[in-house]
Amino acid sequence: MATPRKYLPGPLKNVVYVTFCLHLTSFLSGVRPAEHLYSVVKVWSHGDVQQGSLGSSNSYLTHVLYFLCPFSVVSMFLNTLTPKFYVALTGTSSLISGLILIFEWWYFRKYGTSFIEQVSVSHLRPLLGGVDNSSPTNSNTINGEADSSRQSVSECKVWRNPLNLFRGAEYNRYTWVTGREPLTYYDMNLSAQDHQTFFTCDSDHLRPADAIMQKAWRERNPQARISAAHDALELEDCATAYILLAEEEATTIMEAERLFKQALKAGEGCYRRSQQLQHHGTQYEAQHRRDTNVLVYIKRRLAMCSRKLGRTREAVKMMRDLMKEFPLLSMFNIHENLLESLLELQNYADVQAVLAKYDDISLPKSATICYTAALLKARAVSDKFSPEAASRRGLSTAEMNAVEAIHRAVEFNPHVPKYLLEMKSLILPPEHILKRGDSEAIAYAFFHLQHWKRVEGALNLLHCTWEGTVFHEVSVYPKKELPFFILFTAGLCSFTAMLALLTHQFPELMGVFAKAFLSTLFAPLNFIMEKVESILPSSLWHQLTRI
């Protein structure tokens, strides 16, 4: 048997590297480690290791044997394993990963999120001092970063419904009558992420009430959230606590409005204080950003309360003032609330002025923008429009503009006409909508069907023109994307199952593949060690081996 001198590094390599190479070459070459060890001892006993470079050969051999014995035992154990062991190993791995996959899929179908991801984000990341990045950052809400906000929002398909109902005063009515929940867990989970983004910041732990509300927004149980909000109000006037109670505990719009007015009083005080300190550091800047979001949200919901209580002109004034005070804060889509209120007042000139500002190619489109523009064009010709007369004489310029506007709207969202024409039943709109999807059509028709009925002939013109439009493929909401860990466990389960099958059918061939894989895997390490040995001086290796 040839000596393993070719496997051994130069006489100045340290003991650990010699041990590692000996173990690796034994495994790859199929030679028993004991034979390698005997050859190494034989080489060193003949004086191949210089006394001047490594000290006493007997002492060095003692250290080598001390390190080599455990590795030799492990290598001998691995070489004596049969293919049945590897089949059992890969089969067990496939079984465990399959069970994890089944549990992950069940948890995702029930709760809309990955269990592993939720545990890592909710429990492990805070222990490691990390920050929850599961929801969009608050940087998009800064006035000075409106361009980046518009760009990020336009790329997002799921939006918060700007006309969403109140949970306590409106959504709960459906629950009281039918005993069923009007909102899906997926929708409420997105709302919880929005609340944590808009109403919390990293410095909430400095104020006890804000710290309580930070935990309250993460609670799944509505009663636990409401109880936490009351606990926060016992400490101080907390604007976000009033918001939660107005949204979820108030059973009437008037009660919700009263709570929002209390939230406005507390929110304005926090906003003024943080505005004066916003340039003193990143912590104060984050507080001011959060207080701005809270103030805008409160004023917008107060305007919506006025609209629902019949004070439409007051609601329009509040929305205009809010848009003037925060002109670059477009994330709440307040202009869509304003359009609906102006249509209720039949103030079509102001509606056209708002559309001229927001129906721009650089801004993200919505069903409200497209169909309101179509409604105004249809209003000019719908009262005298007749399909028979139009087929005989052709379309006039105004009629052509109206038809093109309807085609443009239908191309953006083809689901809306069926709800406006009452070909499909309306349901309560969700808190989040999918752009160009069925949920956006429901949300638009729920609030704007009355405005189309008010314009004589508008629905008739829509019925005559929408079916001929070439529109995109119908989308579905909600479309849940599979979490990474479900895909990962599915791939791991399939891969280990395939390895178990191949090892059972072709044990020798898989052994060859395993050895080739290991040799390829450790080739860069051997190359690096050879380069390091050629570069570093021998005296350095001498000092390392003495240690």
Side-chain angles (χ1 to χ4, degrees), residues 160-200 209-210 212-235 237-267 293-312 314-315 318 332-334 337 340-341 426-433 439 442-443 446-447:
R160 185 168 179 86
N161 184 6
L163 296 171
N164 64 307
L165 304 177
F166 294 86
R167 287 190 184 180
E170 295 177 305
Y171 281 122
N172 279 351
R173 293 182 184 178
Y174 179 82
T175 305
W176 298 336
V177 174
T178 64
R180 294 182 295 178
E181 292 292 335
L183 300 174
T184 63
Y185 177 84
Y186 179 68
D187 196 7
M188 292 188 289
N189 187 46
L190 291 177
S191 297
Q193 294 179 15
D194 291 340
H195 295 153
Q196 293 177 51
T197 301
F198 299 150
F199 304 146
T200 63
D210 290 334
I212 294 176
M213 290 306 302
Q214 190 175 41
K215 297 179 180 178
W217 294 120
R218 298 176 181 175
E219 287 287 345
R220 294 183 180 178
N221 188 358
Q223 295 302 323
R225 290 195 297 269
I226 293 173
S227 176
H230 284 292
D231 293 340
L233 289 177
E234 291 179 359
L235 299 177
D237 274 353
C238 181
T240 54
Y242 284 120
I243 290 176
L244 192 148
L245 295 178
E247 292 284 353
E248 301 192 18
E249 189 182 40
T251 57
T252 62
I253 299 298
M254 295 184 64
E255 186 179 355
E257 184 182 34
R258 178 182 61 81
L259 290 171
F260 273 120
K261 288 182 178 179
Q262 292 179 280
L264 178 63
K265 183 178 179 181
N293 292 336
V294 170
L295 184 62
V296 172
Y297 185 89
I298 293 172
K299 290 186 175 181
R300 172 174 161 270
R301 294 302 263 180
L302 276 173
M304 294 177 67
C305 288
S306 299
R307 167 68 182 89
K308 293 176 185 293
L309 294 174
R311 305 193 304 269
T312 308
E314 179 184 345
M318 295 174 66
F332 290 110
N333 294 324
I334 306 172
N337 300 86
E340 197 277 329
S341 299
L426 275 176
I427 61 174
L428 292 179
E431 291 185 339
H432 288 80
I433 58 176
S439 58
I442 292 173
F446 187 87
F447 295 100

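Throughout, residue positions are numbered sequentially from 1 according to the sequence presented.
Residues passing the salt bridge (charged side-chain N to carboxylate O under 4.0 Å, His left out) test with R300, sequence neighbours excluded: none. A192 is linked by a side chain to side chain contact (heavy atoms under 4.5 Å, CB included) to Q196, counting only residues two or more places apart in sequence or in another chain. N161 pairs by the side chain to side chain contact (heavy atoms under 4.5 Å, CB included) definition with L163, N164, P429, I433, A443, not counting sequence neighbours. Under the rule for a side chain to side chain donor-acceptor pair (under 3.5 Å), the partners of D210 that lie at least two apart in sequence or sit in another chain are R207. For Y297, the ring-ring contact (aromatic ring centres under 6.0 Å, His included) partners two or more places apart in sequence, or in a different chain, are F199. For K261, the side chain to side chain contact (heavy atoms under 4.5 Å, CB included) test picks out E257, L302, with sequence neighbours left out. Under the side chain to side chain donor-acceptor pair (under 3.5 Å) criterion, S306 pairs with R311, sequence neighbours left out. E249 meets the salt bridge (charged side-chain N to carboxylate O under 4.0 Å, His left out) test with no other residue; sequence neighbours excluded. Applying the salt bridge (charged side-chain N to carboxylate O under 4.0 Å, His left out) criterion to R160, with sequence neighbours excluded, gives D194. Applying the salt bridge (charged side-chain N to carboxylate O under 4.0 Å, His left out) rule to R225 yields the partners E248; only residues at least two apart in sequence or on another chain are considered. I427 pairs by the side chain to side chain contact (heavy atoms under 4.5 Å, CB included) definition with I442, not counting sequence neighbours.
Applying the salt bridge (Lys or Arg N to Asp or Glu O under 4.0 Å) definition to pairs two or more places apart or across chains, none involves residues 173-182.
Shortest non-hydrogen contact noted between W176 and G168 is CH2-O, 4.0 Å. Contact record, A209 with L235: N-CD1, 4.0 Å, taken as the closest heavy-atom pair. Closest heavy-atom contact between I298 and A239: CD1-CB, 4.3 Å. The shortest non-hydrogen separation linking L244 to A229 is CD2-CB, 4.0 Å. When every heavy atom of P182 is checked against every heavy atom of Y174, the shortest pair comes out as CB-CD2, 3.7 Å.
When atom types are taken as modelled, the side chain of D187 and the backbone of E431 share a donor-acceptor pair closer than 3.5 angstrom. Of the possible polar contacts, one joining the T197 side chain to the Q193 backbone as a donor-acceptor pair under 3.5 Å is found. Here the side chain of E247 pairs no donor or acceptor atom with the backbone of I243 at under 3.5 angstrom.
At least one side-chain heavy atom of D237 sits under 4.5 Å from a side-chain heavy atom of Y242. In this structure the side chain of S439 never reaches within 4.5 angstrom of the side chain of H432, judged on heavy atoms. Residues R301 and L259 fail the side-chain proximity criterion, which asks for heavy atoms closer than 4.5 Å. Taking the side chain as every heavy atom from C-beta outward, T240 and T200 never approach each other to under 4.5 Å.
We find the CZ-CE distance between R307 and M318 to be 14.0 Å, quoted to the nearest 0.5 Å. In this structure, T175 OG1 and R167 CZ are separated by 11.0 Å, a value rounded to the nearest 0.5 Å. To the nearest 0.5 Å, atoms CZ (R258) and CD1 (I253) are separated by 13.5 Å.
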